[in-house]
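So you know, we letter chains A, B, ... as the sequences are listed, proteins then strands, and number each from 1.
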Protein chains: 2
Amino acid sequence: MCSVKRRDDRTAAARIRDAAVELFGREGFHKATVRDIAKDAGVSPALVLHHYGSKSGLRDACDEWVVEEFARARTEMVESGTSTDPFAAMALIQGEEVRMAYLLRSLREGTPAAGRLFDGLVEHSLRMMEQGVRTGELRPSRNLHDQAVLLVAWQFGGLLLQGDVARAFGTELNSREMKERYIRAVLEVMTHGVFSDSRYEDAWNELEPTESVSEGAMEHD
Amino acid sequence: MCSVKRRDDRTAAARIRDAAVELFGREGFHKATVRDIAKDAGVSPALVLHHYGSKSGLRDACDEWVVEEFARARTEMVESGTSTDPFAAMALIQGEEVRMAYLLRSLREGTPAAGRLFDGLVEHSLRMMEQGVRTGELRPSRNLHDQAVLLVAWQFGGLLLQGDVARAFGTELNSREMKERYIRAVLEVMTHGVFSDSRYEDAWNELEPTESVSEGAMEHD
DNA sequence: TAGTATACTGAACATGTGTTCAGTGAAGCG
DNA sequence: CGCTTCACTGAACACATGTTCAGTATACTA
């Protein structure tokens, strides 16, 4: 009689959390019901509340778990291979599909956990980029921190809108062609920019002469 | 007895639609209840359903209305001043706060209406960018269409994540300082890129030799 | 005037869903 | 064994919310 119940060795609480991460990510916090999560985990709805107190408590547990997993993956990556290009920071986030879906959903719904992960990724990217500047792979910026924020926001933004990008490309979502064309476009902009000269930047700098860059950046000429 | 009821000259159906646009944008489709919308519009909940059939029907009406308004603003802009820089395409979307909030919410929730607006903005940006290339303000791209998609996705992405950006900047959301620093960072990347040379682009092009650029781009050497 | 359509309302209905609670069975412990 | 603890369940509760419906008032038409 142990063929059905013993389908995996995770504890019931862990199965509930895993099912919740998947359903929250796929359906969103509201549409994913406690009953659905319980069914996917193979337990009764009451047990979900027994272990996590409430649906929000379950989300908090999922947040903590996912953020923890990403942090673990990040430190592992740093300790093993050391790639300095800013895309490596994103690579570690892709690959684990369900956690990625959960993260994107959290970002969409604006939970604090996603914000913390955003901040952590900014910090991580900044360190990578500082190293890239030292090795000469990246051109120095007048405000590397702000640039890191911008790049992380853009990367996440592209991920959030990947459905729209795929449609506008006329390709299947996550198809090989889509990824290639996307990366190619990114590389071109990252390498050459889009303006033919610095007239826009100059015009802006004339309008808004380099005012005191507040906290978060410490350049001084 | 006409002091309370006659607070504006919009028809009840219009007031309902306006209240719905605002609440859907601020709270999201799920959290904005029919009763709340009715209260904001100063009518009974039943009237909402009487005019729009269902809550989904109301959303459809809001979608159509907002998309229509943006399209109108866009054609107006094109017909009056003719600015070719790609940021002008975004400027028309900002400014009208409630519609902007509604659009961002739709983008987050992935409604088809937001997709249509995304596509429209890509097309519009592409035309602007083609003109920019002709006038020499933009450097020619090997695939201007894909670049337009990327830039629109990034712009929207930055908008979607403006809360995270503000926090990472250490500024108030929508503060003057935040906008200045954001624009400055954007201009720097758009003008110079982030890489110091083309080694990454070259490496990629060696790995993935310029395969037949499929539909949507028609460059040939 | 009578009739009909339309805008509109209050109240009720149906359902989905988070949550509670009494109870069961098994495991550990004295 | 008796007791407690804990994971776990089935059923019910409470409530929010979309929706329906009978009914009212007003405006327009024949």
Any base atoms under 4.0 Å from A:A12, or only sugar-phosphate, or nothing? Heavy atoms, all strands.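 Sugar-phosphate, backbone atoms only, no base.
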Is the phosphate of D:dT17 approached by B:H30 (side-chain N or O, under 4.0 Å from OP1 or OP2)?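 So the side chain of B:H30 is outside the cut-off, no N or O lying under 4.0 Å from OP1 or OP2 of D:dT17.
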Check nucleotides 12-14 of chain C against the protein and report each pair of N or O atoms closer than 3.5 Å, with its distance, or say if there are none.
none

Between [N] atom [atom2] and [X] atom [atom1], what is the distance in whole Å?
X	N	atom1	atom2	value
A:Y52	C:dT20	OH	P	17 Å
A:L23	C:dT17	CG	C1'	15 Å
B:K55	D:dT17	NZ	C1'	8 Å
B:E27	D:dT17	CD	P	11 Å
B:F24	D:dT17	CZ	C1'	13 Å
A:R59	C:dT19	CZ	P	11 Å
B:D36	D:dT17	CG	C1'	10 Å
B:I37	D:dT19	CD1	P	11 Å

Compute whether any side-chain donor of one residue and acceptor of the other, for B:Y182 and A:D146, lie under 3.5 angstrom apart.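 No, because no side-chain N or O of B:Y182 sits under 3.5 Å from a partner of the opposite role on A:D146.
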Please check if the side chain of [X] supplies one atom and the backbone of [Y] the other of a donor-acceptor pair under 3.5 Å.
X	Y	value
A:R108	A:L160	yes
A:R116	A:V67	no
A:R105	A:F29	no

Which of parallel (below 30°), tilted (30 to 60°) and perpendicular (above 60°) describes B:F195 and B:Y200? tilted
Could you tell me how the ring of A:W154 sits relative to the ring of B:W154: parallel (under 30°), tilted (30 to 60°) or perpendicular (over 60°)? parallel
Of the residues in residues 43-50 of chain A, which ones touch DNA chain C at a heavy-atom distance under 4.0 Å?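 DNA chain C contact set from residues 43-50 of chain A: A:A46, A:L49.
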Pair [X] + [Y]: basic N to acidic O under 4.0 Å:
X	Y	value
A:D164	A:R167	yes
A:R72	A:E69	yes
B:R127	B:E123	yes

